[in-house]
Amino acid sequence: MTTRAVWEEEPTIVDRLGRPVVLTLIALAVAFPLYVVIVTSLSTTEAVTRAGGLVVVPRELTLAAYAQLLSGGVVTRALLISVVITVIGTAFSLGLTVLAAYGLSRPGSLFHRPLLFVVLLTFLFGPGIIPSYLVVNSLGLIDQYASLILPAAISAFNLIVMRSFFMGIPGELIDSARIDGAGEFAILRRIVLPLSKAVVAVVGLFYAVGYWNAFFNALLYINDNNKWPLQMVLRTYIVQQQPLPTGAGGVASVGFGLAPAPGLAIKMAIVVIAIVPVLLVYPFIQRHFTKGVIIGAVKG
Amino acid sequence: MTTVGRVGVRRRAEVRAARSGGMAFRHRLRRDWPLLLMVLPVVVLLGVFHYFPTLGNVIAFQDYSPYAGIRGSEFIGFANFQRMFEEPAFWQAVANTLSITAVQLVFFFPVPIGLALILNSVLSAKLRNVIQGIVYLPHFFSWVLVVSLFQQMIGGAGLLAQTLRENGHQAVDLMTRPDSFILLVTAQAVWKDAGWGMIVFLAALSTINTALYEAAAADGASRWRRLWHITLPGLRPVIILLLILRLGDALTVGFEQFILQRSAVGGSAAEVLDTYVYYQGLLVGDFGYGAAAGLFKGVVGLVLVLVANRFAHMVGEQGVYSRS
């Protein structure tokens, strides 16, 4: 396990104990809040009452809070909206980003530099909250789900990351395909994309996480709380501690008249529902991070 | 573009011809139209949702009325800006923004460097991967989630207050105190993004030539001297670059983190420039005034970024906008 270089000293006792302790503390600092939230969300009313709030030592576990949240009502609907927005938005963004990244990755092509400049310039300044709002408003997108996708659909950063990756693909490959009579679309689909799975996965994750976490656009553009994505529900119910507003049937329809659930467990279950998709996708894509991100962060 | 060498012979001839103007525009268009078609949707989206709204900033110079629209509203010159500069609440927001940037430079900026140094000294690749996986994770959480988790840990009804109460102490609510708010948001930023910020430094560390360490060790340099004379100089370009970029971004501290906590803490501490724009513009409905505040932030921010980038070039680093 230890592959210490020959010139390095024997680690002192402080090193041997200190490093693991520090690393464990860091890992705990990240994991502990998640653990407490998950355990509380799985606890019964009695367990929550006995603990006087959040539960640290798990006893009497139950899925009641989740059953209640997922039985229809505000959270179920918000969850569905968030899932659909994330899936459609990610496909849309990823598709356009792949196309544009390839379109800008062929050296010497027509308008290659001015178009790249158009993309890069967006790094320098944002249009501002108010004018953006006015444009979305005048396009009639207020309270439309499209307002959660279109304004934030393209991340210049992601585009540049992907373009850098495409530019690393040997030109000979592309030329030989061209000689065989392949058009640009065929080259992209049959040669470039199969070689770029890692970067497509990472950029896809970035977009997906962006859509899943999107709160700013929902806050600005979605006034109708029947159309709220999950992050808005999380904000209202957990951060602002307000009762959940509902379109029909009032506050009680969080669970559609089932037995009153443990309040805190329900709240923590909403938090967990917001985390779970990230936790599910994360391990599959994590190994590509270093490769994918460093292209963008250092070279990009 | 240095990649010309990779392009095949035929293509290279085309590139040369194109550069020397020997290739007619018509020919290039016939050759490259699929590429242009591919870029088109992105250009349209950026045009509609980035460049067009940027022009919309003219309402900062108008007494803008949503009913009259941009064309119908009256131009009033710099009146919005004048009012803004006389407004104490605006300066409060500027002061809050700058102090948050300053505190984060001291308490946030060094953390990823330290983390990278510790992690880099771990020999087991497996353990490194596990720790990396854990510390990267919070970067992918939303601010709503991060604030929720902090609230459950150290808020008035959170675990800390709960534990204090059980042991007969006075409960504290660290989420609603204006006096320590700046440290709270820094702690949140560290929790969320310090691990992620480490990536760049790990990459820089991996490029340092190990032969340097060997030679230094042979010359009798202790590990601390090696850290001081080899590792830190190796990281210096990245550190300087990121530091300069952060200074260029001094007016941007993030919108979501503050809008979420503004009502609990109060505007005196939690109002930053972005939330000020949002409140004055959209909630109060004073669009022209809000746009003026936003434009002020945008223009000063742009100047800071350009100056910072120029500065990065001056100290011999690559900068950011020279990337292609």
Side-chain angles (χ1 to χ4, degrees), chain A residues 1-3 7 22-23 26-27 30 33 36-37 52-54 96 99-100 102-104 106-110 115-116 118 122 124-125 127-135 151 153-154 167 170-172 175 183-185 209 213 215-216 231 234-235 238-239 271 274 278 286 293-294 297-298 300, chain B residues 1 3-4 6-8 11 15 18 28-29 32 34-35 38-39 41-43 45-46 49-50 52-54 56-57 118 123-124 131 133-135 138 140 142 144-145 147-149 152-153 157 159 162 166 199-200 203 214 217 255-256 260 277-278 281-282 287 290-291 294 298 302 305 323-324:
Chain A
M1 199 182 98
T2 44
T3 46
W7 44 268
V22 170
L23 289 174
I26 293 169
V30 174
V36 171
V37 164
L54 292 156
L96 294 192
L99 283 175
Y102 180 74
L104 292 174
R106 298 296 100 211
S109 66
L110 190 61
L115 287 176
L116 192 60
V118 165
T122 60
L124 276 181
F125 59 89
I129 297 171
I130 310 291
S132 297
Y133 176 86
L134 292 177
V135 166
I154 298 302
M167 292 191 69
E172 288 82 1
D175 280 333
E184 300 289 354
F185 285 92
V209 167
N213 288 340
F215 159 74
F216 181 53
Q231 302 292 337
L234 197 59
R235 179 247 196 169
I238 314 295
V239 178
V271 175
V278 178
Q286 193 221 325
V293 173
I294 283 169
V298 178
Chain B
M1 224 45 34
T3 41
V4 176
R6 294 210 199 100
V7 183
R11 180 95 180 162
V15 169
R28 297 181 72 194
L29 186 64
D32 289 336
L35 296 175
M38 288 176 180
V39 188
V42 164
V43 171
L45 274 176
L46 289 181
F49 292 106
H50 198 97
F52 188 64
T54 303
N57 275 306
I118 295 178
L123 293 172
S124 153
I131 299 287
I134 293 176
V135 297
F140 296 97
S142 66
V144 189
L145 194 57
V147 173
S148 300
L149 289 174
Q152 295 310 318
M153 291 300 115
L159 199 59
Q162 190 178 315
E166 266 163 30
I199 286 188
V200 186
E214 246 166 273
F255 175 80
E256 296 189 6
L260 285 165
V277 171
Y278 173 75
L282 288 183
F287 289 93
L302 178 63
V305 170
R323 61 183 99 211
S324 51

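Just so it is clear: chains get the letters A, B, ... in the order the sequence lines come, proteins before strands, and each one is counted from 1.
Looking at B:L46, the atoms closer than 4.5 Å to chain A (heavy atoms on both sides) all sit in the side chain, from C-beta outward. Only the side chain of B:I131 comes within less than 4.5 Å of a heavy atom of chain A; its backbone N, CA, C and O stay farther away. For A:F215, the parts lying near chain B are the backbone and the side chain together; criterion is any non-hydrogen pair under 4.5 Å. For A:V239, the parts lying near chain B are the backbone and the side chain together; criterion is any non-hydrogen pair under 4.5 Å. With a 4.5 Å cut-off on non-hydrogen atoms, A:L104 touches chain B through its backbone and its side chain both. Both the backbone and the side chain of A:L54 come within contact range of chain B, each with at least one heavy atom under 4.5 Å from a heavy atom of that chain. Residue B:Q152 touches chain A through both its backbone and its side chain, counting heavy-atom pairs closer than 4.5 Å. The contact between B:L159 and chain A is made by backbone and side chain atoms together, counting heavy-atom distances below 4.5 Å. For a residue to count as touching a neighbouring chain, one of its non-hydrogen atoms must lie under 4.5 Å from one of that chain's; by this rule A:V278 touches chain B with the side chain only. Of the two parts of A:L234, the backbone and the side chain both hold a non-hydrogen atom closer than 4.5 Å to a non-hydrogen atom of chain B. Residue contact with chain B, scored on non-hydrogen atoms closer than 4.5 Å, involves the side chain of A:V135 exclusively. For B:V43, the part sitting under 4.5 Å from any heavy atom of chain A is the side chain, from C-beta outward, and nothing else.
Heavy-atom contacts from other residues, nucleotides or ligands closer than 6.0 Å to CZ of B:F52 number 12 or fewer.
The choice from B:P138, B:G294, B:S148 that makes the most heavy-atom pairs within less than 4.5 Å of chain A is B:S148. Among B:V147, B:V135, B:T54, the residue making the largest number of heavy-atom pairs under 4.5 Å with chain A is B:T54. Between chain B and the options A:A27, A:G52, A:S132, heavy-atom pairs under 4.5 Å are most frequent for A:G52.
Minimum interatomic distance between B:I134 and A:V30 (heavy atoms only, all atoms of both residues): O-CG1, 3.6 Å. Smallest separation of non-hydrogen atoms from B:L282 and B:F287: CD2-CE2, 3.6 Å. When all heavy atoms of A:F185 and B:P34 are compared, the pair lying nearest together is CE1-CB, 4.0 Å. Nearest heavy-atom pair, B:P41 versus A:L96, reported as atom, atom and distance to 0.1 Å: CB-CD2, 3.6 Å.
The main-chain N or O of A:P131 is never found under 3.5 Å from a side-chain atom of B:N57 such that the two would form a donor-acceptor pair. Side-chain atoms of A:Q231 do not come within 3.5 Å of backbone N or O of B:S142 as any donor-acceptor pair.
Using cut-offs of 30° and 60° for the angle between ring planes, the B:Y278 and B:F255 rings count as perpendicular.
Annotation: side chain of B:L35 is not in contact with side chain of A:L110 (no heavy-atom distance under 4.5 Å). Side-chain contact check for B:V42 versus A:L99: every heavy-atom pair is 4.5 Å or farther apart.
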